[in-house]
Amino acid sequence: MSENKSNRKEKITGAQAVIASLEAEGVEIVFGYPGGQAIQMYDALFDSPQIRHVLARHEQGAVHEADGYARATGGVGVVMVTSGPGATNAVTGIATAYMDSVPLVVISGQVPRSVIGTDSFQESDIVGITMPIVKHSYLVKSADEIARTIKNAFHIASTGRPGPVLVDVPSDVAAESVVFSYPDKVNIPSYKPTYKGNAKQVRAAAKLIGASMKPVLYVGGGVVASGASDAVCRLAREYRIPVVTTLMAKGAIPASEPLNLGPVGMHGSKYANMALNKSDLIIAVGARFSDRVTGDPEKFAPDASVIHIDIDPAEIGKVRAAQVPIVGDARIVTESLLEVMEAHEIRPDTDRWVDEVFAWRDRYPILERGADAYPGEIVPEVALQILSTMLDPHNSIVVTEVGQNQMWAAQFVNREEPRTFLSSGGLGTMGYGLPAAIGAAIAFPEKQVVLIAGDGSLQMNSQEMATAAVSGAAVKVVVLNNRALGMVRQWQKLFYEGRYSATELEDNPDFVKLAEAYSWHAERVEKPEEVRAAFERMLDSDVPYLIDMRIGREQSVFPMVAPGASLAEAIGAVGNRS
């Protein structure tokens, strides 16, 4: 950061102050789409020697791209859009980031202050519209406020429980003159996240762990956000505690770790769900007891006490009461817990429990069928297992769309490191994957970035294929093409007597031709014996590449816990079949 950028003495415009503030924060990439009320900020951006702008083809795509960039790097993603429809197009991306605790700063242009509230051209109350889905929002009322506001926005977005922050800049504020000075620190008296857990509660947690016979670590996305993976792995290994993970925590515990039982909940394995449901102590770290994990909360882990560690006090006790609640950062609290257990020589006797859990894993494998289950058809689970073995576990990022493709990827693509599996969890946003993969590829151009997509989800933001081509983001896309909205169709098959209302996509485009129209390389794969060679060509390519992989429409994601059922009532799990 150069001195003249952070503390200029000459007068500049508010728009230039916005860009100078981003430069002072060390921002190198901005994703966005220009428009009339953002034009001054884009004009100022034109002169920046530091910031690269990535032009999305839709504002929703821009926010998802910034989201993928933030999840992959651990930094703050930055977005710039115009007023009215530009800002409202960004709403779904903002909500996606909010639900998954992703740090973003979204800067929107706004109509001049004098006409706010008059329904002027391209006006929308974006502060009001986004209030339920941002961590905080600002309507900048003077150019003098710009530097302080953006400093605060980055601080709020990236500290405590991360999340998106909106900064709305009226165009007349962007035109005002201001003497620019970027603050060295923030001063927000009302915002003070708790990082260090209460010492008494940490000691109580250690004591409860020491007395338990069947403990389970229930790990959520907060472990990734806080950088707590190493500490949680150490807790699991040193005290032999089995681990189950949420979708957002995939990669937080290496897939190669024997104690990692993998995904839990609606599409988790039978053995992971059994371990959680039969435990006597759940150690929840950075997880929120989502309905997709617990199933029927009244029947969830009925004999378990709960230690709940989370930086957001609103999450503790929201779904499941905690016997030992600890508000604090997942890494700091877990490290404190380890120190107490070591100092007092606390060690649970878990050998019999671990043996029992491992026996369940042997008895109830998540995948019973093999490549011959559907003669002549590509079995998606098998195809993704093949892909998993071909990816460099330390130099690749896997991204998903939403639906069956997402769950198959969560079940069968192994990850060894955090921030290498990106997926929309809380909101379940179809159309997230392609732009998020572009953001990750821009952050790490040297890594393999592979998107697992469905034919329905891919069409939600397929225009971003242009962004990938123009920006040099060599993303690889595997479309599991069953000519249907697969997950909804699966529900219709199981729970609605096969009444397939509006879920069959017979009019899909030719995805190979679509990709080629955007200057991608592409091919179609229809036979199981073609899969490995196609993956090799895709991974060897140095340009964006799409595989249109045809799978059968009747293939479903199992196991599955029906909505409202308990974890013990999974459909399609090995051992539950006649």
Side-chain angles (χ1 to χ4, degrees), residues 255 267 269 365-393 395-401 403-415 421 433-434 437 448-459 465 474-487 489-490 504-506 508-516 520-559 572 574 577:
H267 294 291
S269 65
I366 192 168
L367 179 63
E368 182 181 38
R369 64 191 187 187
D372 59 349
Y374 294 91
E377 288 188 18
I378 295 171
V379 177
E381 297 98 322
V382 175
L384 292 183
Q385 285 179 317
I386 293 170
L387 177 63
S388 183
T389 64
M390 298 175 71
L391 293 173
D392 182 340
N395 196 41
S396 62
I397 297 172
V398 174
V399 189
T400 80
E401 285 289 354
Q404 289 178 319
N405 64 88
Q406 178 185 35
M407 295 299 104
W408 281 320
Q411 291 173 334
F412 297 105
V413 179
N414 291 332
R415 299 282 79 200
F421 186 85
L434 177 59
Q448 300 168 330
V449 178
V450 179
L451 168 66
I452 312 301
D455 48 309
S457 281
L458 186 67
Q459 293 182 77
M465 295 174 79
V475 297
K476 312 300 191 298
V477 177
V478 180
V479 185
L480 300 177
N481 185 355
N482 58 3
R483 285 78 61 204
L485 300 177
M487 186 62 84
R489 188 182 187 279
Q490 178 174 328
E504 299 192 343
L505 303 177
E506 295 294 352
N508 271 342
D510 183 325
F511 288 109
V512 172
K513 289 182 178 179
L514 178 66
E516 290 173 345
W520 286 39
H521 290 184
E523 63 178 291
R524 182 170 296 107
V525 177
E526 299 180 283
K527 299 177 181 178
E529 59 269 23
E530 299 171 341
V531 169
R532 184 176 292 274
F535 284 156
E536 288 175 353
R537 289 188 291 272
M538 178 186 76
L539 295 174
D540 287 343
S541 175
D542 58 1
V543 298
Y545 201 105
L546 180 143
I547 294 176
D548 179 8
M549 184 170 289
R550 299 299 181 94
I551 66 171
R553 185 174 277 170
E554 298 304 319
Q555 300 198 38
S556 297
V557 177
F558 291 121
V574 176
R577 302 174 185 175

Leu546 CG to Glu523 CD distance, which is reported to the nearest 0.5 Å: 9.5 Å
Separation of Gln459 CD from Phe511 CZ (nearest 0.5 Å): 4.0 Å
Test item: Thr400 and Trp408 side chains (from C-beta on) under 4.5 Å apart, heavy atoms: no
Residue pair His267 / Met487, side-chain heavy-atom distance below 4.5 Å: yes
Side chain proximity check, Val557 to Gln411, heavy atoms < 4.5 angstrom: yes
Atom pair CZ/CE of Arg524 and Met549 - distance to nearest 0.5 Å: 12.5 Å
Gln404 side chain to Gly454 backbone, donor-acceptor under 3.5 Å: no
Atom pair CD (Gln448) and CE (Met538), whose distance is rounded to the nearest 0.5 Å: 8.0 Å
Closest heavy-atom pair and its distance - Pro559, Ser269: CG-CA, 4.4 Å
Gly433 backbone acceptor or donor facing Glu401 side chain under 3.5 Å: yes
Passing option when Asn405 is tested against Ile551, Leu480, Asn481 for side chain to side chain contact (heavy atoms under 4.5 Å, CB included): Leu480
Gap separating the CG atom of Leu387 from the CG atom of Asn414, nearest 0.5 angstrom: 10.5 Å
Side-chain H-bond candidate by donor/acceptor type, Ser388 with Arg415, under 3.5 Å: no
Heavy-atom side-chain proximity of Gln555 to Glu381 below 4.5 angstrom: yes
Side-chain (Asp455) to main-chain (Ala484) donor-acceptor, under 3.5 angstrom: yes
Contact summary for Trp520 and Tyr545, nearest pair of heavy atoms: CE3-N, 3.6 Å
Test item: Ser541 and Lys476 side chains (from C-beta on) under 4.5 Å apart, heavy atoms: yes
Shortest non-hydrogen contact from Ile378 toward Ala383: CG2-CB, 4.0 Å
N-O pairing of Arg553 and Glu506 below 4.0 Å: yes
Set of salt bridge (charged side-chain N to carboxylate O under 4.0 Å, His left out) partners for Arg550, sequence neighbours left out: Asp548
Ile397 CD1 to Leu391 CG distance, which is reported to the nearest 0.5 Å: 11.0 Å
4.5 Å side-chain heavy-atom contact, Phe535 and Val525: no
Ser457 side chain to Ala453 backbone, donor-acceptor under 3.5 Å: no
